[in-house]
Amino acid sequence: MDGFMLFMTELGSSFMLGLLLIISMILLVAKRKNLYGMLFYLITVAGGGLVNLFLKNFFERERPDVNRIVEAAGYSFPSGHSMGSMTYYGFLVYLVLRSERKPLSKAGWGMFFCLVILLIGISRIYLGVHYPSDVLAGYLAGGAWLVICISLLEIMYLYRGRKHKLTTSIQKKTEISKDLGL
């Protein structure tokens with residue numbers, strides 16, 4: 001079980017999340033031409049890291065010192081791996097749900113990424129570097145930050161959509177006016 005938990009914890013490491021984020025951002029721009037999605041993905045994950053750093057330094061909770069399988073530096077509360085996985089993989093769930101995939105595919109991918117988030121948190125407890133409350137706090141703080149970022153992105157999409165509809169409406173009225181000789 002140790003090997004599996006080490007693998008899972010690595011999927012939530014800063015290095016891995018940073019690497020995956022760069023790849024995801026490139027794909028969002030290259031394949032989907034989604035510049036706003038890419039920008040908000042960066043804000044969500046990087047901003048979540050800054051929020052986590054602030055919270056760790058605010059609470060200054062020491063890590064557990066019993067039955068550690070691996071060593072970890074820094075403060076314990078909230079779990080950075082849990083918070084990072086919630087922001088990165090949570091945003092990925094959002095992108096999948098917003099995609100044009102079939103509903104069954106969306107559900108499958110969404111559940112898969114949620115399972116990854118859950119297993120990363122469990123791995124941190126299993127490896128002895130976090131208390132369960134650290135992981136829960138990481139999920140909650142990451143989830144709150146994720147909701148804020150996604151809400152702002154959706155508001156921006158809504159505003160852009162209305163602006164586009166308004167421009168299209170004005171163009172149609174102008175064309176009608178020209179046709180009528182007004």
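Not measured: the values here are computed from a predicted model. All residue numbers refer to positions in the sequence shown, counting from 1.
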*Asks:* Locate the shortest heavy-atom distance separating R101 from V96; write the atom from each residue and the value.
*Replies:* CD-CG1, 4.3 Å
*Asks:* Dump the intermediate steps for side-chain contact (heavy atoms from CB on, under 4.5 Å) on N57 and Y75, then the final yes or no.
*Replies:* CA-CA 7 Å; N57 287 315; Y75 294 119; 3.8 Å; yes
*Asks:* Are Y36 and V93 co-members of a hydrophobic cluster defined by side-chain heavy atoms under 4.5 Å apart?
*Replies:* yes
*Asks:* Indicate yes or no: at least one non-hydrogen side-chain atom of L95 is less than 4.5 angstrom from one of L28.
*Replies:* yes
*Asks:* At what distance, to the nearest 0.5 angstrom, does CD1 of I148 lie from CG of L153?
*Replies:* 14.0 Å
*Asks:* Verify the cluster assignment for V147 and L118: are they in a single hydrophobic cluster under the rule of side-chain heavy atoms below 4.5 Å apart?
*Replies:* no
*Asks:* Mind checking the CG-OG spacing from D2 to S123? Nearest 0.5 Å is all I need.
*Replies:* 11.5 Å
*Asks:* Taking the ring of Y41 and the ring of Y88, is the distance between their centroids below 6.0 Å?
*Replies:* yes
*Asks:* Go through M8 and V116 one step at a time and tell me if the side-chain contact (heavy atoms from CB on, under 4.5 Å) criterion holds.
*Replies:* CA-CA 8 Å; M8 290 311 301; V116 169; 4.3 Å; yes
*Asks:* Answer whether the closest heavy-atom distance between the side chains of M83 and V51 falls below 4.5 Å.
*Replies:* yes
*Asks:* Any idea how W109 and F112 line up, ring-wise: parallel (<30°), tilted (30 to 60°), or perpendicular (>60°)?
*Replies:* perpendicular
*Asks:* Could you give the distance from CZ (F4) to CD1 (I122), rounded to the nearest 0.5 Å?
*Replies:* 9.0 Å
*Asks:* If two hydrophobic side chains count as joined below 4.5 Å and joins carry through other members, does V29 share a cluster with I26?
*Replies:* no
*Asks:* So, taking the atom named CG in L92 and the one named CG in L97, what distance separates them when rounded to the nearest 0.5 Å?
*Replies:* 10.0 Å
*Asks:* Does atom CG of L104 have more than 12 heavy-atom neighbours, drawn from other residues, nucleotides or ligands, at distances under 6.0 Å?
*Replies:* no
*Asks:* Which atom pair, heavy atoms only, marks the closest approach of W145 to I43?
*Replies:* NE1-O, 3.6 Å
*Asks:* Distance check, rounded to the nearest 0.5 Å: N52 atom CG versus K56 atom NZ?
*Replies:* 5.0 Å
*Asks:* I'd like to know if the side chain of R124 and the backbone of V135 have a donor-acceptor N/O pair within less than 3.5 Å.
*Replies:* no
*Asks:* What is the ring orientation for F77 with F59, classed by angle as parallel under 30°, tilted 30 to 60°, or perpendicular over 60°?
*Replies:* perpendicular
*Asks:* For L146 versus F91, what's the shortest heavy-atom pair and its separation?
*Replies:* CD1-N, 3.6 Å
*Asks:* What pair of heavy atoms forms the shortest contact from Y89 to L17, and how long is it?
*Replies:* CE1-CD2, 3.8 Å
*Asks:* Say you draw a straight line from CD1 of I22 to CG of L27; how long is it, rounded to the nearest 0.5 Å?
*Replies:* 12.0 Å
*Asks:* Taking all non-hydrogen atoms of both residues into account, name the closest pair between S76 and P64 and its distance.
*Replies:* OG-CD, 4.1 Å
*Asks:* Please check this pair: side chain of S82 against backbone of S79, looking for a donor-acceptor N/O pair closer than 3.5 Å.
*Replies:* no
*Asks:* Looking at every heavy atom in both Y139 and S85, which two are closest together, and how far apart are they?
*Replies:* CE2-OG, 4.4 Å
*Asks:* Under a 4.0 Å threshold between the charged nitrogen and the carboxylate oxygen, would R61 count as salt-bridged to D134?
*Replies:* yes
*Asks:* Following the transitive rule for hydrophobic clusters with a side-chain heavy-atom cut-off under 4.5 Å over Ile, Leu, Val, Met, Phe, Trp and Tyr, establish whether I125 and L115 coincide in one cluster.
*Replies:* yes
*Asks:* Taking atom types as modelled and ignoring hydrogens, do the side chains of Y94 and E154 form a donor-acceptor contact shorter than 3.5 angstrom?
*Replies:* yes
*Asks:* Tell me whether L6 is reachable from L119 by hopping between hydrophobic residues (I, L, V, M, F, W, Y) whose side-chain heavy atoms are closer than 4.5 Å.
*Replies:* yes
*Asks:* Under 3.5 Å, side chain of S24 to main-chain N/O of L20, donor-acceptor pair present?
*Replies:* yes
*Asks:* Between M86 and I120, is any pair of side-chain heavy atoms under 4.5 Å apart?
*Replies:* no
